Visitor: 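To start, I am sharing the structure in question, which I have written as structure tokens.
Quick caveat, the model's predicted, so the values are computed rather than measured. The first residue of the sequence shown is numbered 1, and numbering continues consecutively from there.
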Amino acid sequence: MNISVLAGMVSTVLFAVSYLPMLLKALHTRDLDSYSLGYLVLSNAANAVHSVYVVSLPPGPIWALHFFYVVASALLLIWYLRFRSVHNPATEPASPRRHHHEHHPSN
């Protein structure tokens, strides 16, 4: 195995492992407030465009790394859209408010 292939494999594993704590924290806490929708949409668009280049390369570590980035970026966007109301009360539907007199025993 030549050194560049080995370096590619090691860097792929290191990059993927470095993303895991971020992904696990986002999934566990459902708090993606530190991300912006614009960033997540652009990141996914960039991955889609970059895929054209990656698939033109011979299969190898770059394919694995790019696939990981595509999945991670897509998950973050999905979670952001799904969980944003959990941490942003402004996006939650207003709950019906009861008036004080509705709870009064004389009513």
Visitor: Rest of the hydrophobic cluster containing Val17 (Ile/Leu/Val/Met/Phe/Trp/Tyr, side-chain heavy atoms under 4.5 Å)?
Guide: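 When side chains under 4.5 Å apart are linked, the cluster holding Val17 also contains Val13.
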Visitor: Report the residue from Asp33, Asp31, Leu32 that forms a side-chain contact (heavy atoms from CB on, under 4.5 Å) with Thr29.
Guide: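 Going through the options one by one, the only one that passes is Asp31.
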Visitor: Determine the minimum heavy-atom distance between Asn44 and Leu40, stating which atoms define it.
Guide: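 Taking every non-hydrogen atom into account, ND2-O, 2.8 Å.
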Visitor: Would you say the side-chain atoms of Trp63 pair up with the backbone N or O of Val54, donor to acceptor, closer than 3.5 Å?
Guide: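 At least one qualifying donor-acceptor pair exists.
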Visitor: Going by the rule side-chain hydrogen bond (donor to acceptor under 3.5 Å, both in side chains), which residues pair with Ser43 if we only count those two or more places apart in sequence or in a different chain?
Guide: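 For Ser43 the side-chain hydrogen bond (donor to acceptor under 3.5 Å, both in side chains) partners, ignoring immediate neighbours, are Ser73.
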Visitor: Say you draw a straight line from CG of Leu77 to CG of Leu42; how long is it, rounded to the nearest 0.5 Å?
Guide: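 The distance works out to 10.5 Å.
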Visitor: Can you name the closest pair of heavy atoms from Val70 and Ser51 and give their distance?
Guide: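 That closest heavy-atom pairing would be CG2-OG, 4.2 Å.
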Visitor: Would you say CZ of Phe67 has more than 12 non-hydrogen atoms from neighbouring residues, nucleotides or ligands within 6.0 angstrom?
Guide: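 No, not enclosed.
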Visitor: Hey, could you give me the CG/NZ distance between Leu27 and Lys25, rounded to the nearest 0.5 Å?
Guide: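 If we round to the nearest 0.5 Å, Leu27:CG and Lys25:NZ are 13.0 Å apart.
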Visitor: With Pro61, which of Thr12, Leu6, Val10 fulfils side-chain contact (heavy atoms from CB on, under 4.5 Å)?
Guide: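 Among the candidates, only Thr12 passes.
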Visitor: What are the two closest heavy atoms between Met22 and Tyr35, and how far apart are they?
Guide: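 Taking Met22 first and Tyr35 second, the nearest heavy atoms are SD-OH, 2.8 Å.
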Visitor: Can you tell me how far CG of Leu76 sits from OH of Tyr19, rounded to the nearest 0.5 angstrom?
Guide: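 Tyr19 OH to Leu76 CG: 8.0 Å, rounded to 0.5 Å.
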Visitor: Does atom CD1 (Ile3) have a neighbourhood of more than 12 heavy atoms from anything else shown, all under 6.0 Å?
Guide: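 Open: at most 12 neighbouring heavy atoms sit under 6.0 Å from CD1 of Ile3.
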Visitor: Is there a side-chain contact between Leu37 and Leu81 in this structure, where contact means two heavy atoms from C-beta onward sitting under 4.5 Å apart?
Guide: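 The answer is yes, as the side chains (C-beta and beyond) meet within the 4.5 Å cut-off.
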Visitor: Between OH of Tyr80 and OH of Tyr39, what distance do you get to the nearest 0.5 Å?
Guide: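 Spacing of OH (Tyr80) from OH (Tyr39) equals 13.0 Å.
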Visitor: Could you check whether the rings of His50 and Tyr53 sit parallel, tilted or perpendicular, using 30° and 60° as the cut-offs?
Guide: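 Tilted, since the angle between the ring planes falls between 30° and 60°.
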Visitor: Establish whether Val5 and Ile62 are linked, either directly or via other cluster members, by ILVMFWY side-chain heavy-atom contacts under 4.5 Å.
Guide: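 No; tracing contacts between hydrophobic side chains, which count when under 4.5 Å, never links both residues.
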Visitor: Taking the six-membered ring for Trp, are Tyr69 and His66 ring centroids under 6.0 Å apart?
Guide: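 Here the rings of His66 and Tyr69 have centres that are no less than 6.0 Å from each other.
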